[in-house]
Structure formats: C-alpha cells, structure tokens
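Heavy-atom basis, side chains included; hydrogens, waters and symmetry copies ignored. Both ligands and their constituent atoms are indexed starting at 1 by order of listing.
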Amino acid sequence: MKQSFLTGIFTLLLFALSSCQNALEEDTLTLHSPQQTHRIDIYLDEAGRPGYRVLRKGNRVIDSSGLGFEFKNQPALLNGIRWVESELFSEDETWEMPWGEQREVRNHYNGARIVLEEQEPPGRRLILNFRAYEDGIAFRYEFPEQEGTDSLLITAEKSEFKLTGDHMSWWIPGDWDIYEHLYNTSRVSEINALSKQDHPNLASTYIPENAVNTPVTMRSDEGVHLSFHEADLTDYAGMTLKVDPDKLMLSSALVGSDRMDYKVGRALPFHTPWRTIQIADRAGDLIESRLIENLNEPNKLGDVSWFTPMKYVGIWWEMHLGIATWDYGMTMDDSGQWVDTGKAHGKHGATTENTRRYIDFAAANNIKGVLVEGWNTGWERWIGFEDREGVFDFVTPYPDYDIEALAAYGREKGVEIIMHHETSAAPRTYEQQLDTAYALMKDLGMHSVKTGYVGKIIPKGEYHHGQWMVNHYRKVLETAAKYEVAINAHEPIKATGLRRTYPNAISREGLRGQEFNAWSVEGGNPPEHLPIVAYTRMLAGPIDFTPGIFDIGLTQKPGSQVNTTLAQQLALYVVIYSPIQMACDLPENYEGQPAFEFIRDVGVDWEQSKVLSGEVGDFVTIAREERGTGNWFVGAITDESPRELEIDFNFLPEGLSYSATVYRDGPQAHYKDNPTDIEIETTTIDRNSKIKYRLAAGGGLAISLIRK
Ligand code: NOJ
Ligand code: CA
C-alpha cells in the first residue's frame, strides 16, 4: 500500500457573484452542482432566518428548511440575521484511498461560503458553507472569532430538513448509546422511535425522543432516494434527526450528556460537522457515492502501509455460542452466585494452545489475521458490574496465554494476531493505559486492535454518541496512529468518513452484527436486515459484520439459526465492505467444505466497485475488482423473497476471459428449512456474458472471476 496522496487537478476558482449559473437575488444565493443535477437555494426569510431548499433535476427534494442555533447564556442565532457577503467556488480533485472500495476518488463540487450577521448588537457572525455535488449536497456552520466571546455552549442545533412527501424510510431509533437496532421500514409519518425501547440484549440504550439515527435512507414515491447523515464528526455531539411525522420534517437533535446542560461546548473559532444528503435515482448509486469521505480532510497520517487489508479468524464465535468463555476463573457457587475463583475452570477460550490452532488454520487458508478475545485480565467484572473503572488491564495476559510466544509463532507462519481491548465502556481506564497498551502491541508487531464499549458509559451521564465520547474515540485513533495501530471499534461512534483523514480507522461495528444470530434475540437478524444495511449503515463506512457462518443451524444453540443461506454468507464478503473481513465460524465448521474455497479466494481491497442492481430492503448485487490482481468478485443477496437476477458482465474489461467459480443457492435452498443447499460450478465468463441466476428466500450468490 502506498501513501495516500492527492492527484489530479485541484482548482479553486472564485466566481464573481453575478457569473454563470450562480446568482444572488434578494438575499437568495443559488448554487448548482457541476453537472447541474442539484440546485441549492440559500436564503434569508422575512424574519431574517437563514434557510435552504434543494432541487434535483428541477424538482424540489428538500423544501424550505431553516438553520440556526440556541445557546446557553446567549440569545439564539435564529432570526434577525442579515447577509454580509458570500463567495462561490469550485473544486475538482482526485485523491487515493490507501485501502478502500476503490482506489481513486473524485471530489468535484461547487461550493458557497456565506457570511451572516445578527442585525442587532452584538452583531454575532455565523458562516454557512454549502457544497453541491452530483451525488448530493452538504452544509456546515462556521463560528468565527467574535469580539467579547471566546467560546460557545450549544444547547440546540436547529438544522431542518423539510421533506417533500411522506417517503418510505428505513430507520433505527435515535438511541444515544447504541446503533444495534433492527431497521424499521415505514412511511415518515409512521416513524415512532419511542416504541422501540424494549431491548433484551442491549447493555445500554437511551432513546429520549422521536428521533432516528443516521444514516437514515428514504425513497420518494417518484423514486428519488435520499440518505441523511453527517461527515467529519469532530469535537461535537453526534446528530440524531428528530421526526415531526405530521409536518414531514426532520430536525437536528444533538446527543447530550446528563453532566452538562448543553450539548456541545467549543472554543472559537470552530466549524460543525457537515450535514449531508446523498441523493440518487438508483438505490445502488447511494452505495457508490463517496460524498461522505469527500467531505473529510485529506490523510493526516501519511504512509499507513503498516496496515494491510486482510481476512481474519478468531477466538470469538465460540464465546458467543457459549462453548468457551472470555474469563479464566468465574464459577457459580452453591448459592447460584458467580464468583472469581482465580483458578482455571477449563472453558477459557484464549489459551496458548487454542490460539496456535487458529494460527495454523489461518496460515493454511490464505487468512492473515487471528483475533483473540479474552486474553487479558478483567473479564471477571465485565457486564453487569456498576464499577468497571480500573478493572480491565490491557497489558496483562491470563496465566494460560503466552502473548510473546504466540506473536512470534504467528510471525513465523505469516499471520498477525489482532489485539482485543474491551473497555467495558470505562473510557477513562482505557485512556490511562493507551500508551502502554499500544507500545506493547508495537513491540509484538501487532498492528490492529478491536476495541469494545459494552455497557453504560462511566462516568455516569455520558452517552456513547455525545461530544465527550466523540473526543474519546478520536483520542484513541490519534494515539493508536503514533504506534502504527489501526482501530476496529465495536459499540463505536458512527463512521462519518474520517477514514480519509485517519486511515487507521479501518472498520467498526455500529449495527446489529452477526453476534445477534448466536443470541437469537427475536429470532436473530431477519433476512431483510442486510439488504437494508447495505443502503443505510454501509453508507457511513466499513462494517465489521463478521460474515462466514457455515453451521447455519448453530448446532450448539438448539432453536437458533442464522437467517440466510450458505451462499448468502459467501456473498457478504463482497456486498459488505470492510478492509478486514472475518471468517467467523469455528475452524472445524470449515474443514472439508468446498464452499470455503470462496473465502480463501475473495479479495479484501478493491480497485473499483460497481453496484449492478438492487432496491433498498430487497436485494443488492455488487461487483468489485481486487487491487493488484485484476480478479473480480460478485456478491448478491436477497431478503425473504426469492428472486431471479440477470447479471450482465459487461463491467469486465475487453479482451479478457475469466475462470469463474459460481456459488449459488441450490434448487431446494431456503434460509429456514434448507440453508446449506448450495451448488458450486466452474465456467468461463467474459464481458459478453449475460447470465440468469436464481436466489432462494434469504439467499445469495457469490462468484469469483479469476483472470485466465
Ligand atoms: C461486543 C462485541 O460486538 C463483540 O464482538 C465482542 O465479542 C464482545 N463485545 C466482547 O468484547
Ligand atoms: Ca456489539
């Protein structure tokens, strides 16, 4: 992997206000995207409130929507504002992703910067930044230095998004603590997030109002797709969107803290994160959009070639199945209480011997990483304990785990051990140990860590998605980078494209992952889950979903199962993007399985990606070209409805032919009754091929196209 760098043309053109398509008329500034697909009108209304409207191909897709703020100890900046000056400019740059869905990303937009001022004294200033792209629009606020004020305490951001219809929407509740909810499909007028309070398996959840978390995706009756999110969430609270089901209005509702009577505290000058709307006719174009990353700053880390995209296995699923434990010595006493005996109970998963077994398996199967959870002391006082500070120790292994010997053994075999840091949502304890923990990793040659934040945040009153935690997650990324460590966060703050700036932000959870299938809450993830995730959560960034269950019926968990076919588990390696992809099942479940060949072969780092077909919540087909080999991989998944798909392979280059191995649902396949019915065939495919495939209920299709 090479250092990320800017290539191509970078232009900054200042237009005179009267020039070309963009014009200022009576306090309305009109901004068009470079190809004129989108138009944004930015205006001041009669009360002097700033606002905007968005048109796509001449039709309104966001109606007149207000902007502004409320503060603690200061009057609101909402009305009584005047226009001072504005400038328009364009940018067209191409930058390279050190790892990603594609190598080159074009960042092409027209932008506007509008300086506003309070009409009355003290005449505080507020600056609006807007960008019009072909794949959507974005805006953010800038607070310049002001006389007499050195900081601001924001109690409410009043950004509105007025919808033009009662769109179909795919949403999760605006939980301040966790994104691990099932997606709901409903009209905007029917969104009722407060009815989603009941979560038997979530260690923390807080839904204070009828709001949704982002990305939230919608489709108008005219077929326009809109997805609302944010980009570059830096030193600010995460934004949920409050829903007014009658007015069909969304408005920013920032995550707060019970310790503060404001949502965001900042010294001047600063700017907010970008508020983003990805807009597309075709559902798949939302997935191809790189708008979120484009709204982030360029790579600050330089060369990150110490991290290599990889597949990994791990001591993980066995804990979720209940056949091994994270802890070393918890035993139930005669009165039914769990006590830490300090003595091995024999079910500890992270032993030296077990880890060697995983390293051997990885080395034999083109898998470069082994995750080991439960290697360190502290698991005796994890979930369910109020006082979790000072408990987890990120440098001390349990007595049956030889961390040095295993790192050396992995090196010998060409496999890297992936570190695990479960913080139990006690971030102060983690921060105290960051440097020592990462220094240990550096010494051992370990370059990635899976972090976790299960539970209510300590200190009490903070939430996972508030400003205080946003800053914690950033501190982790920045500190880790100094030690050449990459972060895969579970129970994270949502992705907002920061991987452009900090490419050591490799992946994260932030959704209901595979683990829910082992716990089988409400019957596990339903078949529509991932065909929704692809158009919602995945628009934010890479997902550590952990695909690859082969024992779909979950032998160790009678009554539970994964609600997909085996072919769909394979397809997920292509459909769900992440530069690290787990093969999460037990090694013994892969032994002797011909379908495992797909996991061995599939790439994890892509030259380009194309969404061939799909509809939100129904299905999606994605083709990706592997970097460095020119091999292509295709994945398609469907919800509970079987469907026929015709794939036109015209995305392949001219004049080349590929040896294709097709993994498809067998004739009897069904996610419920017959999930492992799979057919595997090898054939030759080139750009003239057009082939029909049938996907079973909850089914999938995976194709490897290896260059001949
Ligand atoms: C929750 C994570 O999502 C899961 O992957 C992990 O095994 C546990 N926390 C323990 O850290
Ligand atoms: Ca989780």
Side-chain angles (χ1 to χ4, degrees), residues 172 175 177-182 199-205 213 312-328 330 347-350 354 358 369-385 388 391-394 398 418-427 429-430 437 448-457 464-465 469 473 476 487-495 506-521 524-525 529 533 537 542-549 557 562 576 578 580-586:
I172 52 171
D175 196 321
D177 255 333
I178 195 97
Y179 307 110
E180 297 180 19
H181 290 269
L182 281 179
H199 314 293
N201 273 76
L202 296 179
S204 58
T205 177
N213 253 310
Y312 71 102
V313 289
I315 299 178
W316 178 75
W317 193 234
E318 52 196 88
M319 277 84 95
H320 290 275
L321 290 177
I323 55 179
T325 63
W326 284 275
D327 67 271
Y328 175 78
M330 290 295 274
K347 275 180 78 182
H348 183 217
N354 201 20
Y358 275 85
V370 172
L371 167 73
V372 184
E373 294 200 4
W375 68 275
N376 60 325
T377 62
W379 291 90
E380 290 71 21
R381 289 177 58 209
W382 179 41
I383 291 185
F385 288 85
R388 288 165 273 117
V391 173
F392 267 114
D393 177 326
F394 303 101
Y398 280 127
I418 299 173
M419 179 48 92
H420 184 239
H421 292 159
E422 172 56 62
T423 69
S424 69
T429 299
Y430 192 36
S448 61
V449 54
K450 170 177 169 181
T451 58
Y453 296 83
V454 172
K456 279 270 172 214
I457 299 290
H464 284 73
H465 310 152
M469 278 304 289
Y473 290 113
V476 167
I487 305 289
N488 164 25
H490 280 229
E491 299 77 41
I493 185 65
K494 60 188 161 185
I506 46 173
S507 197
R508 77 190 75 206
E509 192 189 39
L511 86 169
R512 264 172 78 118
Q514 184 88 276
E515 61 192 27
F516 275 80
N517 295 323
W519 314 334
S520 230
V521 196
N525 295 330
H529 182 55
V533 162
R537 160 67 184 84
I543 307 178
D544 189 33
F545 179 77
T546 71
I549 293 296
K557 286 263 175 145
V562 176
I576 302 290
S578 174
I580 51 161
Q581 285 282 27
M582 190 172 201
C584 81
D585 211 339
L586 310 175

Is F392 close to S424 at the side-chain level, that is, under 4.5 Å between some pair of heavy atoms? yes
Under the side chain to side chain donor-acceptor pair (under 3.5 Å) rule, collect the residues that match up with T205, sequence neighbours excluded. D175
Please state the angle at the Ca ion (ligand 2) spanned by OE1 of E509 and OE2 of E515: what is it, rounded to 10 degrees? 130°
List in chain and number order the residues that pass side chain to side chain donor-acceptor pair (under 3.5 Å) with Y453, two or more places apart in sequence or in another chain; answer none if no residue qualifies. H472
In terms of ring plane angle, is the pair H348 and Y328 parallel, tilted or perpendicular, where the classes change at 30° and 60°? perpendicular
Can you name the residues that come within less than 4.0 Å of ligand 1, going by heavy atoms only? W316, H320, W326, E373, W379, W382, H420, E422, K450, V454, H490, E491, E509, E515
Would H420 and W375 count as having a side-chain donor-acceptor pair, cut-off 3.5 Å? no
Report the residues that fulfil side chain to side chain contact (heavy atoms under 4.5 Å, CB included) with I323, sequence neighbours left out, ordered by chain and then residue number. E318, L321, Q556, L586
Do the side chain of N376 and the main chain of D393 share a donor and acceptor less than 3.5 angstrom apart? yes
Considering only N, O or S atoms, which atom of E491 is nearest to the Ca ion (ligand 2)? OE2
Determine which of the N, O or S atoms in E180 is closest to the Ca ion (ligand 2) and give its atom name. OE2
